[in-house]
Amino acid sequence: MKLWVKISLITVVTILTCTGISGAVSIYHWALYNRAKTVESYERQVRAAAYAVGKELDYEPTAHFHETTVRSYYHYVIQKFGLSQYILIEADEVVCNKTPYTLENPADSRWGQEEGYCVVQKNNDKYILLIGQKVPANGNKDYKLVLVQDISFVYEDIRRQATFDLMVYLATALVAVLLVFAATHTALRPLLALQRAAQAISDGHLSSRAAVRRKDEIGAMAVAFNSMADRIERQVNELSEESGRRLQMLGSLTHEMKTPMTSIMGYADSLLHVKLSGEQKESALRHIYGECGRLGRLSSKLMSLIGMYDNDSIDMQEVSVQEMFKNVVSLEQSCLEQKGIGLEYRCEMDRRSLDRDLFESLLINLVDNAAKASHAGQTIWLTAQENRITVRDEGCGIAREEIGKVTEAFYMVDKARSRQAGGCGLGLALCSRIASLHGATLQIESVEGKGTEVSVVFSH
């Protein structure tokens, strides 16, 4: 069963139950009130009639009359006052009965109460009201006056009113049911839109969103759902892009590995099947050793790059940039001196929150790349000021159309020269990733024949 139907049924049952109970209680109290007012009205009539009859019987004009004459006189008195629905009792015996009914217990003492006594009896389909009242006469005789009145009309009015109220209640309930179902369905319609949007997303349509047309809780839910969907779409797209990059890296790795593997296999085959001189054997072994080293560096840098994509947690600490520069220079100085390349540094930056190992790796990669592009007698500058750390060389530079591609994994501007220098095309890709992990960007400016400047620019 759908939610809007459940809520509608619960609401309708609750409303009908409450209104039904309140209506029944109201009708019941109205019936009691109506009957009580009717009885009260007849009680006043009985008191007035008893008073009038009592005045007439005070003088006891029948004291010496024959019994038949006395009874005729009682009939005369009752008829005189128009008491056609009364019974007159004398000494526990009915002496005058103007009603079509027979009083079964005239000796009952309750008919002679000072305040009157009333009872309603059901006779077939009729409701008979009996009201007994003592007649206030001063003589020696004890008189009681009993009103016998058919009040079926009161109960008939109650039934008609109850039937009318029931019909009104049923009609109102029907209208209420329709209105509740319509209102609930309309109120919960945005949930159906949310359901359709969720189903569309689960089917792969990540751009699906729920329309937000209201400012209530359902509208807030739609806003939260859309926010969640935006994040899911963004993450899925990022994962897809990342998967594409990794596939590209694997393809590039396969391609890059073919050359050294082919070279190794060729030299190994020559060593196995061709008679070589000692110098030729040594040369072949050196080539094999060099290619194996390049394969090792290639796999090591690839694992580093993949590892940084898999784990974004880095150990950020306050690091002295000056000390980090000194360490990088000490690590690179010997290699650069062998090539006749100078390395100068200037640091105007104090301390910064960095992962020292990763950032030193970034600087070493940049210095290595600058060294590969430089010639003997040229100088590499390592500088830091404000929010920028820069490595600048005087080497061959990079063509304008190549600058946007150099941070791609395995991309090398001059593949022959890079391989001769032991490169594998992953250095700037690693640098770009390390910079991103530190909230910075890698900016490259280069002019062919004049050199390259690579800067790590922090956002703050």
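Of all non-hydrogen atoms in V46 and Q133, the two that sit nearest each other are CG1-CB, 3.2 Å. Here the shortest heavy-atom pairing between T17 and V13 reads OG1-O, 2.6 Å. Of all heavy-atom pairs between K134 and A50, the closest is O-CB, 4.0 Å. Contact record, Y51 with P136: CA-CG, 4.1 Å, taken as the closest heavy-atom pair. The nearest pair of heavy atoms linking S152 to K126 is OG-CA, 3.1 Å. Of all the heavy atoms in L16 and T19, the pair that sits closest is O-OG1, 3.2 Å.
Proximity of Y117 to L130: side-chain heavy atoms (C-beta onward) are nowhere separated by under 4.5 Å. Residues L174 and L170 form no side-chain contact, since every pair of their non-hydrogen atoms from C-beta on lies 4.5 Å or further apart. Looking at R35 and V120, their side chains come closer than 4.5 Å, going by heavy atoms from C-beta outward. Between V119 and R110, every side-chain heavy-atom pair lies at or beyond the 4.5 Å cut-off.
To the nearest 0.5 Å, the span separating OH on Y101 from CD1 on I87 amounts to 10.5 Å.
More than 12 heavy atoms of other residues, nucleotides or ligands lie within 6.0 Å of CZ in F153, so this atom counts as buried by the packing criterion. Heavy atoms of other residues, nucleotides or ligands lying less than 6.0 angstrom from CD of E115 number 12 at most. Within a 6.0 Å sphere centred on CD of E386, heavy atoms belonging to other residues, nucleotides or ligands number 12 at most.
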Give the C-alpha distance, both sets of side-chain angles, the deciding distance and a yes or no for side-chain contact (heavy atoms from CB on, under 4.5 Å) between T390 and W381. CA-CA 8 Å; T390 302; W381 284 272; over 6 Å; no

Using side-chain contact (heavy atoms from CB on, under 4.5 Å), reason through K98 and Y86 one step at a time and then give a plain yes or no. CA-CA 6 Å; K98 291 291 185 179; Y86 285 81; 5.8 Å; no

Report the C-alpha separation of R356 and E323 in whole Å, then their side-chain angles, then the decisive distance to 0.1 Å, and conclude whether the side-chain contact (heavy atoms from CB on, under 4.5 Å) test is met. CA-CA 10 Å; R356 178 161 184 161; E323 292 181 4; 4.1 Å; yes

Using side-chain contact (heavy atoms from CB on, under 4.5 Å), reason through L103 and I89 one step at a time and then give a plain yes or no. CA-CA 10 Å; L103 189 64; I89 302 173; 3.6 Å; yes

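Formation of a donor-acceptor pair under 3.5 Å by the T14 side chain with backbone atoms of I10 is found in this model. Remark: side-chain polar atoms of S41 are not paired, donor with acceptor, to backbone N or O of K37 under 3.5 angstrom. At distances below 3.5 Å, not a single donor-acceptor pair connects side-chain atoms of N34 with backbone N or O atoms of W30. Here the side chain of N97 pairs a donor or acceptor atom with the backbone of T99 at under 3.5 angstrom. Within the 3.5 Å criterion, the main-chain N or O of G451 finds a donor-acceptor partner in the side chain of S446.
Ring geometry, H438 versus F359: the interplanar angle exceeds 60°, so the pair is classed perpendicular (tilted spans 30 to 60°). Ring geometry, Y155 versus Y127: the interplanar angle falls under 30°, so the pair is classed parallel (tilted spans 30 to 60°).
In this structure, a donor-acceptor pair under 3.5 Å is absent between the side chains of Q161 and D157. Checked by atom type, the side-chain pair Q199/D203 shows a donor-acceptor distance below 3.5 Å.
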